Number of protein chains: 2
Amino acid sequence: MTSKKEIMSYLKQEILSLALKPGSMISETALSERFQLSRTPIRDVLKQLSLEQYVDIYPKKGNLVSYIDLESVEQVIYLRNVLEKEIMKSLAGNIPLKGLHELRGNLAQQQQCIEQAEGAGLFLQLDDQFHRTMFGLAGREFLWGVLQQFNVHYIRYRKLHMLKDEKLATIQQEHQQLLDYIVQGDTTGIDELLHHHLRADIDSMNFQEHFATYIKK
Amino acid sequence: MTSKKEIMSYLKQEILSLALKPGSMISETALSERFQLSRTPIRDVLKQLSLEQYVDIYPKKGNLVSYIDLESVEQVIYLRNVLEKEIMKSLAGNIPLKGLHELRGNLAQQQQCIEQAEGAGLFLQLDDQFHRTMFGLAGREFLWGVLQQFNVHYIRYRKLHMLKDEKLATIQQEHQQLLDYIVQGDTTGIDELLHHHLRADIDSMNFQEHFATYIKK
DNA sequence: TATGATCATCTTGTATACAAGTTAGGATTC
DNA sequence: GAATCCTAACTTGTATACAAGATGATCATA
């Protein structure tokens, strides 16, 4: 009844939303019964999930939802930072009007989202859309896809980190500023702002203490 | 007799070296008989290879060695370019002595390799090692790993492209120059040199004509 | 009581039979 | 001869039985 693709996106969502907590066990037979499918296709799904680091497979022991790897988070943030800096500079001064409207619309929605406190879930979705649009406008959607494949740890980290500190407003303002710089063609402004933008305080002991049970040791 | 890991690295090597040509069919049963293993573990290997784009799986039809995707090549080159520019600038002026020796040694070997015309295979290996060392010195080995996972198309393209034009000497000289800039802490020099370094002429019709049978349409 | 071995029962890994889609070639028909 | 349909032979996808390692509880023993 349920196809492999559906099962996969279902599990991905559950893991990314932290509904399935890091360290939880995902047994093949359990999934098999739950989705009324034999173990073989279930294994295919788990294999793929493990390659994308959603799941850690311990042979003959079991499949665990991966713990958040802070090293991976830091590296991915750096990668995003470097890429976006370059992409925004390439857009500076010559951003298509259509794209500009889309981005402005997005930021407006983000603003609404904050005022109405509709939950951070939607905001994060809009945030992703904002960055993705940037990549698209620069002809780098491919690289956005690359980032997505290494996002498991980053997305979960971000979810916890943002919910904790409610920095949403700050982020929205920074986005607004970035867009202004792009329109004005102010590349040095972009450089300076992005320099500390995504350099989130990973090593804040605060975070590690709070979510110790989610983190890879 | 042969383990999954061995089969995988074996197939990877055959594909990267173009011993298995793009478009070649890789049948599960054939591999099964060849390596004396049942289809199940073979399928695991093929699944992973397809996720890393070594292989394209056409359901109920067959598994083909992937054609070289020039779009992917261009994007990966861009990614490398952006990352390395940032990494080298971070190393500029404060590169560890030990690392410097390693890089110089590597360049010397590259030089030898060219003079003795030992075949480009070794040169490309040294080239990879050079860049990898850079990443390592900057604490970005993780990102080198990321690049590797999207390298199938790039590596094969590079192999054909370089063998064809024998630009090896040029590349080696550029590396030498880059290293000098790093030692001197000349970040603008790095910027300028890298700007056109990896921007290989992908869209050279020459290449597409020559290797049409290898290229994804 | 503490300790250690045994074994039942988990888990995933592999082999194999069968289902089902695809394709190419030949027989049939016009 | 040309077109069409059918079939046989591929291919991968799925289900299932069995192999084999890991784990923990239980029971025997010092």
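Residue numbering restarts at 1 for every chain, and letters A, B, ... go by the order of the sequence lines. This is a predicted model, so every value here is computed, not measured.
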Closest-nucleotide ordering on DNA chain D, the 5'-leading residue of B/S27 and A/T40: B/S27
Give the rounded distance in Å between these two atoms: CD of B/E33 and C1' of D/dC10. 13 Å
Using whole Å, report how far CZ of B/R39 lies from P of D/dA15. 14 Å
Send over the distance from A/M25 CE to D/dT23 P, rounded to a whole Å. 11 Å
From CG of B/L46 across to P of D/dT11 the rounded distance in Å is 13 Å
Counting only side-chain nitrogens and oxygens, does A/S38 get under 4.0 Å of the OP1 or OP2 atom of D/dT14? no
Using a cut-off of strictly less than 4.0 Å, decide whether B/K61 has a side-chain nitrogen or oxygen near OP1 or OP2 of C/dG21. no
Distance, rounded to the nearest Å, where A/E28 contributes CD and D/dA17 contributes C1': 15 Å
D/dT12, OP1 or OP2 - any side-chain N/O from B/N63 closer than 4.0 Å? yes
Earlier contact from the 5' end, DNA chain C, for A/I26 and B/K60: A/I26
Could you state the atom-to-atom distance from CG of B/L37 to P of C/dT16 in whole Å? 10 Å
Salt-bridged, A/R140 to A/E86, with N to O below 4.0 Å? no
Is B/K4 touching bases, backbone alone, or none of the nucleic acid, heavy atoms closer than 4.0 Å? sugar-phosphate
Any side-chain N or O of B/T29 below 4.0 angstrom from OP1/OP2 of D/dT11? yes
Can you measure B/F35 atom CZ to C/dA15 atom P for me and round it to whole angstrom units? 14 Å
With under 30° as parallel and over 60° as perpendicular, where do the rings of A/H131 and A/W144 fit, or are they tilted in between? parallel
Nearest whole Å is fine: how far is D/dT14 P from B/I42 CD1? 18 Å
Parallel, tilted or perpendicular: rings of A/H175 and A/F130 (30°, 60°): parallel
Over all heavy atoms of both residues, which pair between A/L194 and A/E84 is shortest? Give the atoms and the distance, please. CD1-C, 4.0 Å
Any salt bridge linking B/D56 with B/K216? Criterion: basic side-chain nitrogen under 4.0 Å from a carboxylate oxygen. no
